[in-house]
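The structure appears right after this line, and notes come after that.
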Amino acid sequence: MSFQSEIVKWYFVNKRDLPWRETTDPYVIWLSEIILQQTRVEQGLPYFLKFLENFPDVKAFANASEERVLKLWQGLGYYSRGRNMLYTAKYVVDHFEGNFPTAYQDLLKLKGIGGYTAAAISSFSSNEKQAVVDGNVYRVLARYFGIEEAINSPKGQKQFAQLAQELIQDQEPAIYNQAIMEFGALHCKPKSPLCNQCPVQPGCYAYQHQKVEQLPLKLKKVKIRKRWFNYFVGINDDEILAKQRQPGDVWQQLYDFPLIESEQEVTIDDVALLAKVHELFGKNVELTVLESKKHVLTHQTIYVQFFAIDNYIVNFNQHTEIKSVKLTTFKQLPHPKIIGDFIEKHID
DNA sequence: AAGACGGGGCA
DNA sequence: TGCCCAGTCTT
């Protein structure tokens, strides 16, 4: 039996029941695929259900505010996915009369949809013969076929894409695509793959050559930047100082607090810090340390300190990025995870 | 071609 | 810790 047949056979026995597998609605599939980009099924599932409930169709999505979308997205990360979805929902309403496209070439033009997602939506919704190549597929193919080209080099990506497309030729696209991804996720896992009970073990290059742990090959990891964020929490009556994060940095468009970033860890009596604090909040401001935390992201580690401030004055004309908003309003805004956690813990 | 972009789970 | 996750966009 062929590699593909074995994978499909395995799939029918072992597949999970996942809600987006019950539909061919391209809008619903789009929702699931964007949410699942770089995201585990277990992490994305509750968000998928929440989004579908709030936005049952693409028109409902298109009518949402960016703030509402980002609030629903809060905690999931890679927030540009949410912003791009809103843009694309509007685009589909305006240019496709609200009918979400199913053709690979049409999908590829939409913001937030790349090769993987276009292949996924087109194959799942209309059975178009486009092979998905995600992290799971890279791993399965690299191991089984013994491909030593790096999965993140242009050359490697081309090679994997071509092989994947050859393999899907005589298959049912929707089922085969689901099958190979599911096989990678549950069986041919990154760590501790289940080789001893693998249906394609006899033909597996990596297994036969003891290279399971080495494949797939991935080039260089990026250096992780260290940053120090000093946040100032100012509450006066029922209002709080809020700041919206700007483009060009992490968490853009989300709301946090007035922030002084430093080049290293600072204490409450640091002269340089105090100078900036006085400039922002006036000479009479009083500081109290509330909490310190380490926030680890893929590309940077952020050491976060929260200070409470009292007796402060803010020149809102000079610092236009800072606003004073009602506490109830503030809580409804979208926040980075670490800010959302802080609010839940410290602000009633 | 390389970096940026979140957050969580696992060994 | 380091690596990976149903990747895409920007520089």
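Note that the coordinates shown come from a computational prediction; the quantities given were computed from them, not determined experimentally. Note on naming: letters A, B, ... go to the chains in the order of the sequence lines (proteins, then strands), and numbering restarts at 1 for each one.
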To the nearest Å, how far apart are [X] [atom1] and [N] [atom2]?
X        : N     : atom1 : atom2 : result
A:Leu215 : C:dC4 : CG    : P     : 12 Å
A:Ile224 : C:dT1 : CD1   : P     : 11 Å
A:Leu186 : C:dA6 : CG    : C1'   : 12 Å
A:Arg143 : C:dC4 : CZ    : C1'   : 11 Å
A:His187 : C:dC5 : NE2   : P     : 17 Å
A:Leu18  : C:dA6 : CG    : C1'   : 10 Å
A:Leu36  : C:dG7 : CG    : P     : 8 Å

field: Working for salt bridge (Lys or Arg N to Asp or Glu O under 4.0 Å), residues A:Lys337 and A:Asp341
entry: CA-CA 6 Å; A:Lys337 179 72 162 58; A:Asp341 288 350; 2.9 Å; yes

field: A:Glu239: salt bridge (Lys or Arg N to Asp or Glu O under 4.0 Å) partners, not counting sequence neighbours
entry: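 So A:Glu239 forms a salt bridge (Lys or Arg N to Asp or Glu O under 4.0 Å) with A:Lys326.
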
- request: Sequence neighbours left out, what passes salt bridge (Lys or Arg N to Asp or Glu O under 4.0 Å) with A:Lys71? Give chain and number order.
  value: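 Salt bridge (Lys or Arg N to Asp or Glu O under 4.0 Å) check on A:Lys71 returns nothing, list empty.
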
Between the protein and nucleotides 9-11 of chain C, list the N/O to N/O atom pairs that are separated by less than 3.5 angstrom.
from, atom 1, to, atom 2, distance (Å)
C:dC9, OP1, A:Gly112, N, 2.5

Would you classify [X] as touching base, sugar-phosphate or nothing, given that sugar-phosphate means primed atoms plus P, OP1 and OP2, and contacts are heavy atoms under 4.0 Å?
X        : answer
A:Trp20  : base
A:Arg21  : base
A:Gly184 : nothing

Span that lies between the [atom1] atom of [M] and that of [N], in whole angstrom:
N     : M      : atom1 : answer
C:dA6 : B:dA11 : P     : 15 Å
B:dG8 : C:dT8  : P     : 22 Å
B:dC5 : C:dC5  : C1'   : 14 Å

Any side-chain donor paired with an acceptor under 3.5 Å for [X] and [Y]?
X        : Y        : value
A:Glu321 : A:Gln246 : no
A:Tyr27  : A:Asp57  : no
A:Gln37  : A:Thr117 : yes

task: Output the residues of residues 149-173 of chain A in contact with DNA chain C, where contact means a heavy atom of the residue under 4.0 Å from an atom of the strand; sort by number or write none.
output: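 Here the set is empty: none.
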
task: Tell me, please, which residues at least two apart from A:Tyr176 pass ring-ring contact (aromatic ring centres under 6.0 Å, His included).
output: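 Partners of A:Tyr176 by the ring-ring contact (aromatic ring centres under 6.0 Å, His included) criterion come out as none, since no residue qualifies.
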
message: Tell me whether A:His335 contacts the main-chain N or O of A:Phe330 through its side chain, where contact means a donor paired with an acceptor under 3.5 Å.
response: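 Such a contact is found between A:His335 side chain and A:Phe330 backbone.
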
Ring centre gap for A:Phe51 and A:Trp73 strictly below 6.0 Å: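 For A:Phe51 and A:Trp73, the ring centres are under 6.0 Å apart.
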
- request: Could you tell me if the ring centre of A:Phe145 sits under 6.0 Å from that of A:Phe3?
  value: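 Yes - the distance between ring centres of A:Phe145 and A:Phe3 falls below the 6.0 Å cut-off.
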
- request: Assign a letter to each nucleotide of nucleotides 3-11 of chain B from its 5' end: B, base within under 4.0 Å of a protein heavy atom; S, sugar-phosphate only; -, no contact.
  value: --BBBBB--

query: Hey, mind stepping through A:Tyr303 and A:Trp228 against side chain to side chain contact (heavy atoms under 4.5 Å, CB included) and telling me if it holds?
result: CA-CA 5 Å; A:Tyr303 299 90; A:Trp228 289 264; 3.5 Å; yes

- prompt: Are the side chains of A:Glu148 and A:Tyr205 in touch, meaning some heavy atoms are under 4.5 Å apart?
  reply: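 Yes, side chains in contact.
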
